[in-house]
Amino acid sequence: MSTASSAPQTLTLRRPDDWHVHLRDGAMLQACAVHTARQFARAVIMPNLVPPVTRIAEAAAYRDRIRKAVPAGLDFEPLMTCYLTDGADPAELANGKQQGVWVAAKLYPAHATTNSAHGVTSMDKIARGLEAMEKAGMPLLVHGEVTDPEVDIFDREAVFLDKVLAPLLRRHPGLKVVLEHITTKEGVAFVEANGPRMGGTITPHHLNFNRNAIFKGGIRPHFYCLPIAKAEEHRLALRRAATSGSPQFFLGTDTAPHTVDTKECACGCAGIFNAPVAMQLYAQVFAEEGRLDALEAFASLNGPRFYGLPPNEARITLRAAPFEAPERVDVPGSDKSVLVFRPDTPLGWTF
Ligand code: DOR
Ligand code: ZN
């Protein structure tokens with residue numbers, strides 16, 4: 001870190017990884033893969049394709065397509081996940097881990113979010129699968145929201161912790177669990193209370209804005225994602241957790257591209273495409289909190305440690321300088337594009 005002025009102007013850290021990414025498939029994959037690969041050495045790839053990735057062979061084929069979609073010269077490794085359905089096959093889980101295809105499995109409560117129709121309807125239905133994962137040392141990645149439409153959308157994460165996740169942890173005491181894209185102070189406290197078996201990922205957008213941003217001057221669909229952004233006290237709790245240096249919290253962008261037409265319509269999709277600005281945004285948050293010294297742990301060390309992987313040897317250097325992101329990314333072979341997440345305050349970090 002340079003000390004040319006009171007605040008650091010550059011920061012060199014081990015190359016970071018993204019522990020939660022939606023890369024999609026086909027033309028969208030061609031459009032998006034480069035943006036994640038420029039920023040990160042490895043990424044945990046979400047399996048919510050249509051149809052979902054549930055078999056070892058499907059994941060291996062998808063991994064090949066991702067590798068082909070990354071331009072030559074970029075060093076990038078996709079880490080694959082298995083989409084859990086009711087009756088998930090314990091052998092498929094254990095074998096895929098053993099063969100080095102799965103790094104984890106993803107729990108979507110049925111109908112919680114994009115492409116979760118095949119998700120899990122009751123934790124009883126995946127108990128045998130979770131037992132196999134427990135034995136194999138394979139983490140469970142959780143979309144932590146209840147789907148009961150009677151529960152207020154802003155309470156769905158906190159209710160999930162009490163009603164679903166706490167009993168699940170008791171039932172599977174050896175299972176490692178990541179609460180993905182934490183959005184509440186209750187989520188932060190839950191991860192902390194459950195010790196080293198639990199991790200939590202935090203997105204750059206949930207660190208950047210609170211729920212007011214979704215409605216500032218009108219409804220802004222490009223600030224809509226799931227879990228939905230919460231009130232300011234929750235954003236502040238996320239900032240404290242991310243910058244705390246605790247090994248339980250690590251980087252996961254949840255970059256989730258949708259074309260403009262499917263965001264800007266009567267029933268727009270949830271998801272924020274932040275891959276082109278991810279490290280710039282995280283650096284901005286850590287700088288604002290005066291905790292740039294904690295960025296390397298969050299972005300490059302805590303995730304590998306949780307997953308039992310070595311940290312990356314390559315380094316990146318971030319600089320305090322304005323960053324102008326492209327406004328949109330075009331989807332090849334179509335007239336469609338994806339808007340890049342644009343925070344309301346300009347980005348002051350670049351690399
Ligand atoms: O906002 C979201 N978008 N949240 C999710 O859980 C899924 C994701 C997607 O796949 O678009
Ligand atoms: Zn996601």
Side-chain angles (χ1 to χ4, degrees), residues 17-26 28-29 31-33 35-36 40 43-53 62 66 78-84 103-120 139-147 153-154 156-157 160 164 177-184 187 199-209 211 213-214 220-230 238 250-265 267-275 278 303 329 331 336 338-341:
D17 302 303
D18 187 342
W19 301 94
H20 186 126
V21 168
H22 300 269
L23 285 186
R24 316 295 191 211
D25 211 345
M28 187 68 105
L29 171 62
C32 294
H35 296 285
T36 290
F40 300 105
V44 168
I45 311 297
M46 290 298 123
N48 61 334
L49 303 183
V50 184
V53 181
Y62 183 31
I66 295 169
L79 305 174
M80 308 312 288
T81 58
C82 179
Y83 183 116
L84 293 177
V103 298
K106 178 71 190 269
L107 165 61
Y108 288 105
H111 307 293
T113 185
T114 309
N115 300 338
S116 60
H118 300 276
V120 174
L140 175 71
L141 315 185
V142 177
H143 183 109
E145 288 191 287
V146 290
T147 54
I153 188 169
F154 295 103
R156 286 180 192 168
E157 181 172 290
F160 181 90
V164 183
V177 176
V178 181
L179 182 60
E180 298 290 336
H181 40 56
I182 310 174
T183 60
T184 57
T201 56
I202 304 179
T203 75
H205 44 278
H206 290 115
L207 293 168
N208 177 259
F209 66 82
R211 65 190 184 184
I214 308 167
R220 299 199 296 171
H222 298 286
F223 287 73
Y224 173 55
C225 64
L226 288 172
I228 198 163
K230 308 297 191 296
L238 298 175
F250 38 89
L251 185 158
T253 63
D254 198 16
T255 182
H258 293 274
T259 54
V260 173
D261 55 311
T262 62
K263 294 283 293 173
E264 298 177 5
C265 58
C267 190
C269 294
I272 290 177
F273 178 55
N274 61 31
V329 166
V331 180
K336 297 188 189 300
V338 180
L339 279 202
V340 176
F341 175 63

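Start at 1 and go down the list; that is how both ligands and their atoms are numbered. Numbers here are sequence positions counted from 1.
Ring orientation note: the planes of His143 and His181 are nearly perpendicular, at an angle over 60° on the 30°/60° scale.
If you number the atoms of ligand 1 from 1 as listed, the ones under 4.0 Å from a heavy atom of Ala256 come out as 3 (N), 8 (C), 9 (C), 11 (O). When each atom of ligand 1 is checked for a heavy atom of His143 under 4.0 Å away, the hits are 6 (O).
Heavy-atom separations between His258 and ligand 1 include at least one value shorter than 4.0 Å. Within the 4.0 Å heavy-atom cutoff, Arg24 counts among the residues contacting ligand 1.
Put simply, the side chain of Phe250 does not reach to within 4.5 Å of the side chain of Ile202, judged on heavy atoms. For the pair Met28 and Thr259, the minimum side-chain heavy-atom distance is below 4.5 Å. A 4.5 Å side-chain heavy-atom check between His22 and Thr114 finds every atom pair outside the cut-off. In this structure the side chain of Glu157 reaches within 4.5 angstrom of the side chain of Ile182, judged on heavy atoms. Using a 4.5 Å heavy-atom threshold, the side chains of Ile272 and Phe209 count as touching.
His20 lies close to the Zn ion (ligand 2), since one of its N, O or S atoms is found at a distance under 2.8 Å. His181 lies apart from the Zn ion (ligand 2) in this respect, since none of its N, O or S atoms is found at a distance under 2.8 Å.
If you check the side chains of Lys106 and Thr81, you find no donor sitting under 3.5 Å from an acceptor. With hydrogens and angles left out, the side-chain atoms of Thr253 and Asp18 include a donor and acceptor closer than 3.5 Å.
Residue-level check: among N/O/S atoms of His22, NE2 sits closest to the Zn ion (ligand 2). Its N, O or S atom nearest to the Zn ion (ligand 2) is what matters here, and for Asp254 that atom is OD1.
Residue, atom and distance of the protein heavy atom nearest to atom 3 (N) of ligand 1 are Ala270 O, 3.0 Å. In terms of protein heavy atoms, atom 1 (O) of ligand 1 is closest to Leu226 N, 2.8 Å. Protein heavy atom nearest atom 5 (C) of ligand 1, with residue, atom name and distance: Thr113 OG1, 3.0 Å.
In Asn48, the part holding a heavy atom less than 4.0 Å from any atom of ligand 1 is the side chain. Contacts between Glu145 and ligand 1 below 4.0 angstrom, taking non-hydrogen atoms only, are absent altogether.
Ring centroids of Tyr83 and Tyr108 are separated by less than 6.0 Å, placing the two rings close together.
No N or O atom of Cys225 sits closer than 3.5 Å to an N or O atom of ligand 1.
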